[in-house]
Amino acid sequence: MSESQRRRRTARPAPNPGLAPDDPLRGFGERLAKIEGLDDLAGRYPGREISVGRQRQQLDFYSDAERPNAFAMVALEFFLVIAQYYREALPLRLILLLIAGQRAGGRIPFTQEDMAELLDVPRQKVSPALGEIMSHGIVIKIGRGVYQFNPPYSYVAAELVRLSDGSTEYVQVDQADALAQLRAAALPDLVRFPSLQHMREAIEEFRKERAEKRRERRERFEAMTMHKEGER
């Protein structure tokens, strides 16, 4: 059994998917409250100081005619975990492609043939890599040729869509609505209540295995060295 197969076997989701009261993921299910004024804001947070800075300049993003000014919000913790967990290049390349392929609301209009063509890899290699990613609740298949990125990991909230007459239309999908829709569907618990804990545990187990192998190699080397010195 290969190391990657052993890691996939040990990376099992937690049996209890419920979110703890202080879990940061709860924030994704809450809407932003409208603020009428600074007095209103100060009243909501008594005992705290409130400061107002100058208005920020508009950010620039690389874009093209099909996707002007569209960008994705990605959790840094998600990047950190997948960078440690995946030792093969293709799953990581595929995740980056899926992040870049999102439309407003996190939908990804890619077939597996599209993914293979864009990554310049055989079609038969895309399917198992995509299945591995989906098994962790990172991406969900919505329909034929349509996938959905799990909102807490990566999400495109809005984009400018160019219409057939040359004009543009601003499309926005609230992240809380996308997450609520997933939780209302008959989907696996790891999708409805996403968690990276099982991947973190698999990373720790893999590191312990590698440390044990290094210790065994060091002991064998020391034993061989002592044996050679004894023969002299």
Side-chain angles (χ1 to χ4, degrees), residues 25 27-37 40-41 52-76 78-79 82 90-127 129-131 133-134 136-187 191-192 194:
L25 285 179
F28 289 99
E30 300 176 359
R31 294 183 178 275
L32 295 177
K34 183 179 180 181
I35 301 298
E36 300 294 344
D40 179 30
L41 181 62
V52 180
R54 66 179 180 86
Q55 184 178 3
R56 294 186 177 183
Q57 298 295 322
Q58 183 177 1
L59 298 177
D60 292 329
F61 298 93
Y62 289 106
S63 60
D64 54 38
E66 295 297 326
R67 293 173 55 80
N69 301 324
F71 68 99
M73 300 180 295
V74 185
L76 296 182
F78 171 67
F79 269 152
I82 63 173
L90 184 55
L92 286 173
R93 293 179 63 203
L94 189 54
I95 289 174
L96 291 176
L97 176 63
L98 295 172
I99 291 174
Q102 292 179 85
R103 314 297 293 199
R107 294 295 174 92
I108 310 165
F110 281 171
T111 64
Q112 293 190 22
E113 288 77 11
D114 294 331
M115 300 175 197
E117 181 179 356
L118 289 168
L119 294 179
D120 193 22
V121 297
R123 163 68 175 77
Q124 58 269 27
K125 289 189 176 182
V126 169
S127 182
L130 182 61
I133 295 169
M134 293 175 62
H136 298 298
I138 296 172
V139 175
I140 307 98
K141 186 173 183 179
I142 302 299
R144 177 173 174 77
V146 182
Y147 296 83
Q148 165 81 43
F149 225 108
N150 212 327
Y153 299 145
S154 177
Y155 191 74
V156 171
E159 64 175 328
L160 287 173
V161 179
R162 191 172 299 279
L163 304 178
S164 58
D165 60 0
S167 62
T168 57
E169 178 183 359
Y170 186 74
V171 178
Q172 180 176 355
V173 181
D174 192 272
Q175 189 180 34
D177 292 339
L179 190 58
Q181 184 177 1
L182 289 181
R183 288 184 173 170
L187 296 170
V191 173
R192 298 173 60 244

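Being a predicted model, the structure only gives us computed values, none of them experimental.
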Step-by-step side-chain contact (heavy atoms from CB on, under 4.5 Å) determination, Ser154 to Gln102: CA-CA 9 Å; Ser154 177; Gln102 292 179 85; 2.7 Å; yes
Tyr153 versus Val139: any side-chain heavy-atom pair under 4.5 Å? no
Are the side chains of Met115 and Leu130 in touch, meaning some heavy atoms are under 4.5 Å apart? yes
Between Gln175 (side chain) and Pro151 (backbone), is there a donor-acceptor pair under 3.5 Å? yes
Hey, does the side chain of Asn150 reach the backbone of Val191 with a donor-acceptor pair shorter than 3.5 angstrom? yes
Ile108 and Leu98: side-chain contact (heavy atoms from CB on, under 4.5 Å), yes or no, with the steps? CA-CA 7 Å; Ile108 310 165; Leu98 295 172; 3.9 Å; yes
Across all chains, not counting sequence neighbours, the side-chain contact (heavy atoms from CB on, under 4.5 Å) partners of Gln172 are Ala158, Tyr170
Under the side-chain contact (heavy atoms from CB on, under 4.5 Å) rule, collect the residues that match up with Asp165, sequence neighbours excluded. Leu163, Ser167
Going through the distances and angles, do Leu90 and Leu119 end up as a side-chain contact (heavy atoms from CB on, under 4.5 Å)? CA-CA 9 Å; Leu90 184 55; Leu119 294 179; 4.0 Å; yes
Evaluate Tyr155 against Val74 for side-chain contact (heavy atoms from CB on, under 4.5 Å), listing each step before the verdict. CA-CA 7 Å; Tyr155 191 74; Val74 185; over 6 Å; no
Without placing hydrogens or testing angles, list every side-chain donor-acceptor pair under 3.5 Å for residues 141-149, not counting sequence neighbours.
residue: Gln148; atom: OE1; partner: Arg107; partner atom: NE; Å: 2.8
residue: Gln148; atom: NE2; partner: Gly105; partner atom: O; Å: 3.0

Decide if atom CD of Glu113 counts as having more than 12 heavy atoms of other residues, nucleotides or ligands within a radius under 6.0 Å. yes
